[in-house]
Number of protein chains: 2
Amino acid sequence: MKGHDHSRLLNEVNSQMPKDETLAELAELFAVFGDTTRIRILWALFESEMCVCAIAELLHVTQSAVSHQLKLLRHAKLVGSRRQGKTVFYFLADDHVRSIINQGMEHISE
Amino acid sequence: MKGHDHSRLLNEVNSQMPKDETLAELAELFAVFGDTTRIRILWALFESEMCVCAIAELLHVTQSAVSHQLKLLRHAKLVGSRRQGKTVFYFLADDHVRSIINQGMEHISE
DNA sequence: TTATCATATGAGCAAATGATCATATGTTAA
DNA sequence: TTAACATATGATCATTTGCTCATATGATAA
């Protein structure tokens with residue numbers, strides 16, 4: 001046998017681990033938070049809903065870039081949108097977004 | 001002038017935004033959570049501290065891969081380590097890790 | 001209808017990322 | 001000291017990611 005024995009610990013820990021599929025989903029969710037542009041978009045929406053071009057102006061990035069990132073945020077169900085004439089307004093989907101970001105802020109401010 | 005006017009909203013939102021540097025730090029933190037291998041490592045450490053080779057065995061990944069990822073987790077201050085003889089034990093650094101992961105789990109289980 | 005504004009999206013590219021392999025470092029026992 | 005084990009790390013490579021450009025779609029007004 002190679003290395004020392006961990007079988008007892010491994011069994012114990014293994015029995016408490018969620019399915020790999022779940023953990024992959026979780027990682028995917030956090031990956032969405034893991035980009036400066038997207039974090040800045042989310043933070044902007046803390047304050048109020050905004051249309052795409054306002055977000056682009058605010059962050060000094062292309063409309064295209066914002067639109068691409070909003071697509072990701074939508075798929076992760078972190079933001080919702082409503083159309084009003086030509087413009088589309090985006091808003092935070094729910095309060096998990098705030099909670100998660102707040103926890104993150106607490107961690108880095110130490 | 002191009003597009004419609006947002007100056008009032010932009011000023012309002014802008015005044016509430018943290019520094020770009022802070023937001024970048026935040027994104028970097030979440031990026032660490034944004035990988036399946038690292039999430040699985042963190043989850044394993046929920047249960048108890050573990051040495052590198054035990055983690056590698058548990059997750060069926062190379063010792064090298066685990067070691068590289070642990071380095072990232074250490075730099076993000078998500079895990080700590082202690083040496084005991086030849087083996088190094090890793091453990092969760094604090095409870096923010098649990099809170100953040102739990103919030104994430106809540107979001108995806110809906 | 002056409003023109004214009006607002007947003008979405010596909011293609012292409014440069015940069016970042018995660019795994020592997022080989023090797024280095026650190027620790028203990030013989 | 002040497003041998004064996006445990007961990008760390010540098011180099012390399014394939015994949016992923018985020019941006020830009022060009023263009024498509026959607027909506028309104030003239």
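No experiment lies behind these values; they were computed from the predicted model shown. Side-chain atoms are counted along with the backbone in the values below, which use heavy atoms only and exclude waters and symmetry mates. Convention: sequence-line order gives letters A, B, ...; per-chain numbering from 1.
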Exercise. What is the ring orientation for A/F30 with B/F30, classed by angle as parallel under 30°, tilted 30 to 60°, or perpendicular over 60°?
Worked result: parallel
Exercise. Cation-pi between B/R98 and B/F46: NZ/CZ under 6.0 Å from ring centre and within 45° of the ring axis?
Worked result: yes
Exercise. Would B/I108 end up clustered with A/I101 when hydrophobic side chains under 4.5 Å apart are linked, directly or stepwise?
Worked result: yes
Problem set entry | Of residues 68-76 of chain A, the positions that come close to DNA chain D - non-hydrogen atoms, cut-off under 4.0 Å | A/H68, A/Q69
Exercise. Looking only at side chains, do B/Y90 and B/R82 share a donor and an acceptor under 3.5 Å apart?
Worked result: no
Exercise. A/F89 near the nucleic acid: base, sugar-phosphate alone, or nothing, with a heavy-atom cut-off under 4.0 Å?
Worked result: nothing
Problem set entry | Spacing of A/H4 atom NE2 relative to D/dA4 atom P, expressed in whole Å | 18 Å
Exercise. Is any side-chain N or O of A/T37 closer than 4.0 Å to OP1 or OP2 of D/dC19?
Worked result: yes
For this session: Classify the nucleic acid contact of B/S67 as base, sugar-phosphate or nothing, counting any heavy atom under 4.0 Å across all strands shown.
Result: base
Exercise. How would you label the contact of A/T62 with the nucleic acid (heavy atoms, under 4.0 Å): base, sugar-phosphate, or nothing?
Worked result: sugar-phosphate
Polar atom pairs (N or O), protein with nucleotides 22-30 of chain C, under 3.5 Å:
none

Problem set entry | Nearest-Å distance for atom pair CD1/P, residues B/I55 and C/dA19 | 14 Å
